[in-house]
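A quick write-up on the structure given underneath.
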Amino acid sequence: MAESILKVKDLCTSFNTERGRLKAIDGVSFEVHKGEMLGIVGESGCGKSVTSQSILRLYDEKSLAKYTGEVRFHDSSLLDLPEKEMRHVRGEKISMIFQDALSSLNPVFTVGNQIMESLLIHKSITKKEAKEKAIQLLKDVGIPDPVRRFYQYPFELSGGMRQRVMIAVALACEPELLIADEPTTALDVTIQAQIMDLIVEMNKRRGMGVMLITHDLGVVAETCSKVIVMYLGQIVEEGLVTDIFDHPMHPYTIGLMESVPRLDSKTGERLHQIKGTVPLLNQIPEGCRFAPRCPHATELCRKKMPEFLEVSDTQKARCHRINEI
Amino acid sequence: MSHITEAPVVLKATGVKKYFAANAGLGKKKYVKAVDGVDIELHKGEIYGLVGETGCGKSTLGRTLMMLTEPTAGDIEILGQNVTELRGRELKDMRRKIQMVFQDPYTSLDPKQKVGDILMEALEIHGIGTKEERLEIAMDIMHKMGLRTEHFYRYPHEFSGGQRQRVGLARALILNPEIIVCDEPVSALDVSIQAQIINLLQDLREKQDISLLFIAHDMSVVKYISDRIGVMYLGHLMEEAEGETLFEDTLHPYSQALLSAVPEVNPHVHKERIMLEGDLPSPMNPPKGCVFHTRCPYAVERCSEVTPTLKEVRKGHRVACLRYENG
Amino acid sequence: MTKTIDSSIENVYAGDRTEMKNEELKQLRKRLSKEQQEIKYRRFFGNKAAVFGLIIVCTVIFLALFAPVISPYDPLELDTVNRLKSMSTEHLFGTDTMGRDVFSRVMYGARISLTVGFTVGILSGFFGMGIGLYASANAYADNILMRICDGLKAIPSTLLAITLMAVLGADLKNVIIALTVVNIPNMARLARSRALVIREQTYIEALRCLGAGRLRIVWRHIAPNIISPIIVQVTFVFASSIITEAALSFLGAGVPVPLPSWGNILNEGKGVIYQAWWIVLFPGLFTALTVLGLNLLGDGIRDFIDPSSK
């Protein structure tokens, strides 16, 4: 197995809110290896974005957030790094791309400026070199006429182009890990296909690890090698993409798989639905967090939190009745 | 579902165009051709799926059919009555027949109104029933949509996205319309909630014989629900066919590309992608000839000269492409 | 993230159906609106600054209401023997140039200052909202009304108020009129811009689909949704009017002497500020405190009236 770059262990992030301290994620552990593409899926409020932002410690620690657990990037423990060193990690070692490319790019700077900025902060190179590199990057991410685009402002580009620029900015310093938080959610399917192809290509060509956070199971099935399913701040299932899609074990994963409309379905078929809605963080149920919505829940499920158990060498799930379902 | 196409037509749009004036700078007036000549028919009890990417004009078409904006050209007939000239009282009465469900359940409900008041107001506007009767009707529709009695007295912000969308549906249904235009009703919702709403819509059609125009960008969702599907691109209807046919026998190159781009929820399938070159052209000056020719893998010279019209290739399957000109 | 009041709303799914009798419904309604009220109050009282503001404002209002009871002297009574007396148990805030008790004058002054502030706030809020709503609904009127507002705003507000006072003549009623006119343009602008935002919301479109008329949309839906920033602005106008009134009176263009308003007292004390600083200090302090209180309160009110705000 390839070398592990990121190791997250028992990560908990809690926020100060009006209603007291709320744990947005609770004991999340996983690993990302070199050249691997890890998919994190779940519905809104499951903590998938919080997980990614906690790795880079993007939340304000003075008043808002509190992290516990361990995040190991190679040999350094990210949760213990002083803010100054953390800044070196962000953007240089670990980069992130977000869903909304328009608001993630600064509207008053040219595209070229923003790519160069990242280079100039982290690398000791001259402006001229940075410019050459930036144009090369624009070319790499498939932007036609990169020299002209270099001098354009974000509003002059289409949504797909902006997302490509975002990727160029993220890749500028050749990070070892790319965190993509819903990178294609705001895009149309034809553009989504282009962007996902680009991310996969970058992942293969540069051997960087990718953490893909998305709610779109189709995208995960097509691109990722490993998948983590999250529900209400916890990982409920983890496995190879074939494990998860061919024989999901956790009732939530099963429900999720069945409720996705598929192209190979028959018209007029009924979709499976998971009853109820995701509870709020201040109303986390006792025992298994999925129990109130689970069709197989028993007394035990409502009382005791299940362990995260191995089902096979590659697959793990958090369910009491794993052998019965 | 061929019986559907034999049912009476409840909504018929012919040659509908909607242009928006836009300033092109230096005092020049230009027009954004959001919808540029679309013919569409909706039969009784039918679910018609209208798909297309951002900027293809599907939402504008929906709003035009809802009489929220006036069409620049073309005729819209609802239940046999031409609605483009309706005004005042007649227009208000016509509105009872056609209702809309919106994409964003967060902005489509007045935050200052309790859910019960939102529902009862629809009845009040049309002077239906006494206060008690209105309460009864509103309560009943709310229960049918899977909401509980106590929700009647709650504000929209106290609801989750799926629940709000149920309220939106209840509001559209309370006047007993014959047609509902759904503008991306599930795209803001999570998968599991999305399934609940889709099933609800299907139940509605079965139980109440309502006709639905289902506007969406997600091909797989549309496939689930629609009897017939129309594909739009840059203000034009490119292809129209019965649900299964469109997916099994896709004719238009754009529909093919759109379909091939949908990710398959199966890690063992590796689809051949038809990658479209470049971006959507600006609707302010769409390409001459076939609007798709700038990105079409099969484009020939004639495509940039002749604008194809929708031709019936076989029964119920219409395509606007020069490749199928002769059937 | 969605916010819900209690857990019962969640875990609801299609098909859950409960029938209730009228009596039960009423009870449920009462219970829920009580809960909703409680949340509002909890949110308001959780805001310490707002509570502090409320206490200040209430105290000043209390003092103004009971001025005749609290004041040991008649605020207009001259006592030329005891001029410019420093603070003592007899004259808590000392006496002024004509031997009037400053404490009594400040208490009575609160009545006038608060009346002016409150009336101006309410009137300019009311008219400003009306004009703003009308402008937002009618493009033609919008052009004219907004140009007038811009014109009025181009003149510095104190200057405009002085000019108006010069035309109308010094009188309490005229002070209120002048200050209202000065404050309407800002209110109208605010109301209009908020209304234009609300107009674009999908729920307005949904109402049009239902066949709702223009009047209903404007009064029943746009107006309630712009009222919270307007009310907040009213508290600010309330505060600034107290200051402007003081400034006008200070310049001699406000409430006519010998009526005590905080501005008047300040004005009269300015000549003897080195001999009798207390004449200036106390009305100044009261003005500053009241304005502070109102501003703090204004922020709290916003959270209080908006059911969906954080």
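Numbered from 1 within each chain, the chains take letters A, B, ... in sequence-line order.
A salt bridge links E240(B) with R318(B): the closest approach of a Lys/Arg side-chain nitrogen to an acidic carboxylate oxygen falls below 4.0 angstrom.
Taking L258(B), L189(B), D203(B) one by one and counting their heavy-atom pairs under 4.5 Å with chain A, the maximum is reached by D203(B). With chain A as the partner, the residue from V191(B), N199(B), V221(B) showing the most heavy-atom pairs under 4.5 Å is N199(B). Note: D197(A) leads D197(A), V220(A), L217(A) in heavy-atom pairs under 4.5 Å with chain B.
Judged purely by atom type and a 3.5 angstrom limit, R228(B) has no side-chain atom pairing as donor or acceptor with the backbone of Y48(B).
Heavy-atom distances place the side chain of Q192(A), and not its backbone, under 4.5 Å from chain B. The part of I198(B) that comes within reach of chain A is its side chain, from C-beta onward, which places non-hydrogen atoms under 4.5 angstrom from that chain.
V51(B) pairs in a side-chain contact (heavy atoms from CB on, under 4.5 Å) with only one of the listed residues (L246(B), I215(B), L259(B), I229(B)), which is I229(B).
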Worked verdict on Q202(B) versus Y224(B) for side chain to side chain donor-acceptor pair (under 3.5 Å): CA-CA 10 Å; Q202(B) 272 177 336; Y224(B) 247 94; over 6 Å; no

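For D209(B), there are no salt bridge (charged side-chain N to carboxylate O under 4.0 Å, His left out) partners at least two apart in sequence or on another chain.
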